[in-house]
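Because the structure is a prediction, the values reported are computed rather than measured.
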Amino acid sequence: MSDTVTVSLPSPRGPKAVTVSYARVGTGEPLLLLHGIGHHRQAWDPVIPILAAERDVIAVDLPGFGASPALPDGLTHDLTTVVPLLGALCEALELGRPHVAGNSLGGLLALELGREKLVRSVTALSPAGFWSPVERRYAFGLLIAMRQAARRMPLPVVERLSRSAAGRTVLTSTIYARPGRRSPDAVVAETLALAHAEGFAETLRAGTNVQFTDDIPTLPVTVAWGTKDRLLMRRQGVRAKQIIPRARLVRLPGCGHVPMNDDPALVARVVLDGSRPGSR
């Protein structure tokens, strides 16, 4: 079951109401989950049952993705807007300073929340922002190609491809190392989410000059990278460790860019371990 929360953000044209869709399940300390560009909160579904046994899990559709509408006029899909928005969401849901885990764009947002001291621990799975200029152009080119393919492909074709492991590989092998493990329904839903993501183009443009360069010395930080990530190369994890020296750098064997479906048990363990006391 999903729900929505509406918060107010300042803009040059006065306060703007922003609505965010989320799903919440489980008990324990709050854990905020953030997905990547073009995806939706259901990217976390494979690990949520494991996480919910120990955490109050809040999986969010970022603005302009999934069931969350795009930001209203006067607000931009960039870090200076989305990070305060997530802080306001935590306040509205009375989460205090939650733990946060994010993948790709969500990983970058998780690190930014940590830098702003809005959370109590950070787990970033293949986070954006540690790329070289060449690596960023490569990743953005792949993302644009994926988006164009999703928008051009008729729904009956997507549904037919989703019914076989080979077809699911065609649709999702850029982000999953084991695409055959993704369910047909999930593949159809995420292909549609990519095609219909209102915030995709503006979010991608906003990322052109993004580089994460600050240490986060006061919080437990985990950075994890799949060994088969085809979108953001795993050497970027080494750069992340150089920038955040006290971070725990974890290798995810056999996992792609979105590792939650490739190895749910491993990813859930990494997230839970990263959000426990003494997780450094």
Step by step, work out the side chain to side chain contact (heavy atoms under 4.5 Å, CB included) result for E94 and E91. CA-CA 5 Å; E94 299 181 342; E91 187 174 341; over 6 Å; no
Heavy-atom side-chain proximity of Y176 to S173 below 4.5 angstrom: no
Between H257 and S104, is there a side-chain donor-acceptor contact under 3.5 Å, judged purely by atom types and distance? yes
Close side-chain approach of L62 and H35, heavy atoms under 4.5 Å: yes
R178 with D262: basic N within carboxylate O range, under 4.0 Å: no
R234 and D229 ion-paired at < 4.0 Å: no
Taking side chain as C-beta onward, heavy atoms only, is V20 less than 4.5 Å from V60? yes
Go through the structure and list residues passing side-chain contact (heavy atoms from CB on, under 4.5 Å) with P10, not counting sequence neighbours. none
Check whether Y138 forms a cation-pi arrangement with R136 (NZ or CZ under 6.0 Å from the six-membered ring centre, at most 45° off the ring normal). no
Check: W131 ring centre within less than 6.0 Å of F140 ring centre: yes
Is the shortest side-chain heavy-atom distance between R41 and L33 below 4.5 Å? no
Which pairs with one or both residues in residues 181-196 pass salt bridge (Lys or Arg N to Asp or Glu O under 4.0 Å), sequence neighbours excluded? R182-E190
Would you call E29 and R276 a salt bridge, taking side-chain N to carboxylate O under 4.0 Å as the test? no
Grouping I, L, V, M, F, W and Y whenever their side-chain heavy atoms are under 4.5 Å apart, do L161 and L194 come out in a common cluster? no
Is the closest side-chain heavy-atom distance between I144 and L204 below 4.5 Å? yes
Stepwise side chain to side chain contact (heavy atoms under 4.5 Å, CB included) check, I175 with M146: CA-CA 10 Å; I175 58 172; M146 290 168 60; 3.9 Å; yes
Linking I/L/V/M/F/W/Y whenever their side-chain heavy atoms sit closer than 4.5 Å, directly or via other members, would M153 and L143 fall into one cluster? no
Taking side chain as C-beta onward, heavy atoms only, is W44 less than 4.5 Å from N261? no
Connected via hydrophobic side-chain network under 4.5 Å: V187 and M260: no
Please report the interatomic distance CD(Q236) to CD(E135), rounded to the nearest 0.5 Å. 4.5 Å
Less than 4.0 Å between a side-chain N and a carboxylate O, is that true for R24 and D56? yes
Distance, nearest 0.5 Å, that separates CD1 of I58 from CG of L32: 6.0 Å
Can you find a pair of side-chain heavy atoms, one from L232 and one from W225, that are under 4.5 Å apart? yes
Taking atom types as modelled and ignoring hydrogens, do the side chains of T222 and R248 form a donor-acceptor contact shorter than 3.5 angstrom? yes
Give the cluster check for L9 versus L86: same hydrophobic cluster or not, with ILVMFWY residues linked at side-chain heavy-atom distances below 4.5 Å. yes
For the hydrophobic clusters of this structure (ILVMFWY residues joined by side-chain heavy atoms under 4.5 Å, transitively), does one cluster hold both V271 and V25? yes
Count the heavy atoms of every other residue, nucleotide or ligand shown that sit under 6.0 Å from NZ of K228, and state whether that count exceeds 12. no
Could you check if a side-chain atom of T76 sits within less than 4.5 angstrom of a side-chain atom of E202, using non-hydrogen atoms only? yes
